[in-house]
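Accompanying notes for the structure given below.
Starting from 1, each residue takes its place in the sequence as its number.
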Amino acid sequence: MRALVAAPNAPGRIEIREVPEPEPAADQAVVEVHAASLNRGECAALRDADEGWRPGWDLAGLVVRAAADGTGPGDGSRVVGWVSGGAWAERAAVRTDHLAAIPDSLSFETAATLPVAGLTAVGVLSVTGNLLGRSVAITGASGGVGRFAVQLAHMAGAHVTAIVGRPERGEGLGDLGADEISVGFAPEGEPFDLIAESVGGDSLTAAVARVAPQGVIVTFGNSSGEPANLDPRTFYRKGSPTMLGYFVTYELLEGRIGSSRLAALAELVAEGRLVSQIDLVVPWTEAASAIEALLERRVNGKAVLLLDERPAS
């Protein structure tokens with residue numbers, strides 16, 4: 001079968017090659033991949049990846065071989081799933097606890113955007129419990145995780161402040177549920193009960209200054225690539241705030257998040273209650289251009305690869 005693999009000497013450091021067919025474990029189904037979405041982490045990793053490395057976490061398609069242990073969706077099921085690598089391929093073996101059936105009304109390209117971005121948003125917002133009436137700040141709000149987080153926090157009854165890097169990246173966030181849109185994260189201002197922080201650097205420094213006395217900062221990314229300059233006194237003198245790390249890959253591999261929440265996200269999107277904003281859809285033969293666009297922050301929302309000669313829905 002064919003797959004996208006790291007190729008340091010190829011344009012975009014990636015190319016399609018022949019690779020072995022997946023050999024599923026008993027608790028894995030083999031999925032024929034119709035669509036795969038891009039995430040910043042895997043795209044950034046390509047810059048230094050060894051020859052032959054297989055990127056790809058998010059996928060959607062059809063089960064062509066159900067799991068041998070009888071778990072998960074059966075043959076022919078339309079599914080969305082997550083793998084720890086190798087999703088950008090014609091077929092992939094997926095753990096059934098990382099796989100969920102999707103409604104017929106949900107397209108493969110839309111479903112493929114849900115695993116990493118959607119589950120990260122769900123996990124980050126879940127750490128403080130009930131958000132009704134709470135003030136929530138979301139940095140990097142124009143990205144895939146950010147757009148899901150804005151909507152989910154709004155659904156939960158929070159007052160949502162979406163923080164973006166440039167004015168144009170804030171367009172449309174009000175329609176998704178943001179009560180306020182801020183360009184940049186100033187260290188001065190009203191405190192927040194929950195700060196979902198993915199930018200790092202000065203943004204994380206500002207989060208420490210803006211968290212409420214018993215609030216929570218959840219850090220789950222560092223898109224700036226910069227270190228944060230923190231004075232611990234700014235944090236602990238507030239009272240008893242908390243800072244937590246959230247890494248969706250760890251949560252998935254440990255079995256703390258997976259199929260049930262993935263299925264719930266798919267239902268919300270199919271019902272029109274949650275919007276997956278896809279800004280770029282290209283055939284997987286053009287993966288290099290999509291990766292470049294994502295890393296250069298020219299994508300608002302999600303970017304999706306469609307596999308050759310396969311229908312999109």
Show your reasoning for whether side chain to side chain contact (heavy atoms under 4.5 Å, CB included) applies to E15 and L4.
CA-CA 5 Å; E15 65 183 12; L4 281 162; 5.8 Å; no

Quick one, V160 with E180, criterion side chain to side chain contact (heavy atoms under 4.5 Å, CB included). Give me CA distance, side-chain angles, the key distance, then yes/no.
CA-CA 7 Å; V160 181; E180 299 179 40; over 6 Å; no

For W88 and I16, what are the C-alpha separation, side-chain angles and deciding distance, and is it a side chain to side chain contact (heavy atoms under 4.5 Å, CB included)?
CA-CA 9 Å; W88 302 353; I16 296 175; over 6 Å; no

Please step through side chain to side chain contact (heavy atoms under 4.5 Å, CB included) for the pair L194 and V127, ending with a clear verdict.
CA-CA 9 Å; L194 173 63; V127 300; 4.3 Å; yes

Pairs of donor and acceptor atoms involving the side chains of residues 63-73, under 3.5 Å and at least two apart or interchain, shall be tabulated with distances.
{"residue": "D69", "atom": "OD1", "partner": "T71", "partner atom": "N", "Å": "3.0"}
{"residue": "D69", "atom": "OD1", "partner": "T71", "partner atom": "OG1", "Å": "2.6"}
{"residue": "D69", "atom": "OD2", "partner": "T71", "partner atom": "OG1", "Å": "3.4"}
{"residue": "T71", "atom": "OG1", "partner": "T96", "partner atom": "OG1", "Å": "2.8"}

Which donor-acceptor pairs under 3.5 Å do the side chains of residues 134-154 make with protein atoms, sequence neighbours left out?
{"residue": "R134", "atom": "NH1", "partner": "N130", "partner atom": "O", "Å": "3.4"}
{"residue": "S135", "atom": "OG", "partner": "D193", "partner atom": "N", "Å": "3.0"}
{"residue": "S135", "atom": "OG", "partner": "D193", "partner atom": "OD2", "Å": "3.2"}
{"residue": "T139", "atom": "OG1", "partner": "A196", "partner atom": "O", "Å": "3.3"}
{"residue": "T139", "atom": "OG1", "partner": "E197", "partner atom": "OE2", "Å": "3.0"}
{"residue": "T139", "atom": "OG1", "partner": "S198", "partner atom": "N", "Å": "2.9"}
{"residue": "S142", "atom": "OG", "partner": "R169", "partner atom": "NE", "Å": "2.9"}
{"residue": "S142", "atom": "OG", "partner": "R169", "partner atom": "NH2", "Å": "3.1"}
{"residue": "R147", "atom": "NE", "partner": "S142", "partner atom": "O", "Å": "2.7"}
{"residue": "R147", "atom": "NH1", "partner": "Q277", "partner atom": "OE1", "Å": "2.2"}
{"residue": "Q151", "atom": "OE1", "partner": "V275", "partner atom": "N", "Å": "2.7"}
{"residue": "Q151", "atom": "NE2", "partner": "R147", "partner atom": "O", "Å": "3.1"}
{"residue": "Q151", "atom": "NE2", "partner": "V275", "partner atom": "O", "Å": "2.8"}
{"residue": "H154", "atom": "ND1", "partner": "G177", "partner atom": "O", "Å": "3.4"}

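More than 12 non-hydrogen atoms from other residues, nucleotides or ligands lie less than 6.0 angstrom from CD of E168. Residue Y236 places its OH atom among more than 12 non-hydrogen atoms of other residues, nucleotides or ligands, all under 6.0 Å distant. Around atom CD of E190, no more than 12 heavy atoms belonging to other residues, nucleotides or ligands sit under 6.0 Å away. Counted within 6.0 Å of CD on Q214, heavy atoms from surrounding residues, nucleotides or ligands total 12 or fewer; the atom is thus considered open.
Taking the side chain as every heavy atom from C-beta outward, E267 and R273 never approach each other to under 4.5 Å. No side-chain heavy atom of P22 sits under 4.5 Å from any side-chain heavy atom of Q28. Side-chain contact between L106 and V80 is absent, with no heavy atoms from C-beta onward closer than 4.5 Å. Contact of the V183 side chain with the R166 side chain is not registered, since no non-hydrogen atoms from C-beta on lie closer than 4.5 Å. Counting only heavy atoms from C-beta outward, the side chains of R13 and P8 approach each other to under 4.5 Å. Residues V33 and E90 form no side-chain contact, since every pair of their non-hydrogen atoms from C-beta on lies 4.5 Å or further apart.
In this structure, K302 NZ and D279 CG are separated by 12.0 Å, a value rounded to the nearest 0.5 Å. Atoms OG and CG, on S126 and L119 in that order, are 10.0 Å from each other to the nearest 0.5 Å. We find the OG1-CG distance between T120 and N39 to be 8.0 Å, quoted to the nearest 0.5 Å. Remark: Y246 OH to I257 CD1 distance equals 3.5 Å, nearest 0.5 Å. Distance check: L114 CG to L59 CG gives 11.5 Å after rounding to the nearest 0.5 Å. Note: D202 CG to S224 OG = 7.5 Å, rounded to the nearest 0.5 Å.
In this structure, G81 and V94 approach most closely via the heavy-atom pair CA-CG1, 4.4 Å. Heavy-atom minimum distance, A6 versus P55: N-CD, 4.5 Å. Contact detail for P241 and A212: the closest heavy-atom pair is CB-O, 3.7 Å. Minimum interatomic distance between T113 and A117 (heavy atoms only, all atoms of both residues): O-CB, 3.8 Å. Between S276 and T110, the closest heavy-atom pair is CB-CG2, 3.9 Å. Scanning both residues, L294 and C43, for their nearest heavy atoms gives CD2-SG, 3.7 Å.
No continuous path of hydrophobic side-chain contacts links V31 to M1 [ILVMFWY only; heavy atoms under 4.5 Å]. In terms of hydrophobic clustering, with Ile, Leu, Val, Met, Phe, Trp and Tyr side chains grouped at heavy-atom distances under 4.5 Å, V5 and W57 are assigned to different clusters. No path of Ile, Leu, Val, Met, Phe, Trp and Tyr side chains, each step under 4.5 Å between heavy atoms, connects I102 with V30, placing them in separate hydrophobic clusters. V83 and V19 are members of different hydrophobic clusters when ILVMFWY side chains are connected at heavy-atom separations under 4.5 Å. A chain of hydrophobic side-chain contacts below 4.5 Å, direct or via other Ile, Leu, Val, Met, Phe, Trp or Tyr residues, connects M155 to L173.
Grouping Ile, Leu, Val, Met, Phe, Trp and Tyr residues whose side-chain heavy atoms lie under 4.5 Å apart, directly or via other members, places V211 in a hydrophobic cluster with I163, F185, F192, I195, L204, V208, I217, L230, F235, M243.
Residues that satisfy the side chain to side chain donor-acceptor pair (under 3.5 Å) test with R237, not counting sequence neighbours, are absent from this structure.
Using bins of under 30°, 30° to 60° and over 60° for the plane-to-plane angle, the ring pair H34/F108 lands in the tilted bin.
Of the possible donor and acceptor atoms, none in the side chain of H159 sits under 3.5 Å from a partner among the backbone N and O of D179. Between the side chain of S37 and the backbone N or O of A112, at least one donor-acceptor pair lies under 3.5 Å.
Applying the salt bridge (charged side-chain N to carboxylate O under 4.0 Å, His left out) test to pairs two or more places apart or on separate chains, those with a residue in residues 45-63 are R17-E51. Evaluation of the side-chain hydrogen bond (donor to acceptor under 3.5 Å, both in side chains) test over residues 253-264, restricted to residues two or more places apart or in two chains, returns E251-R256.
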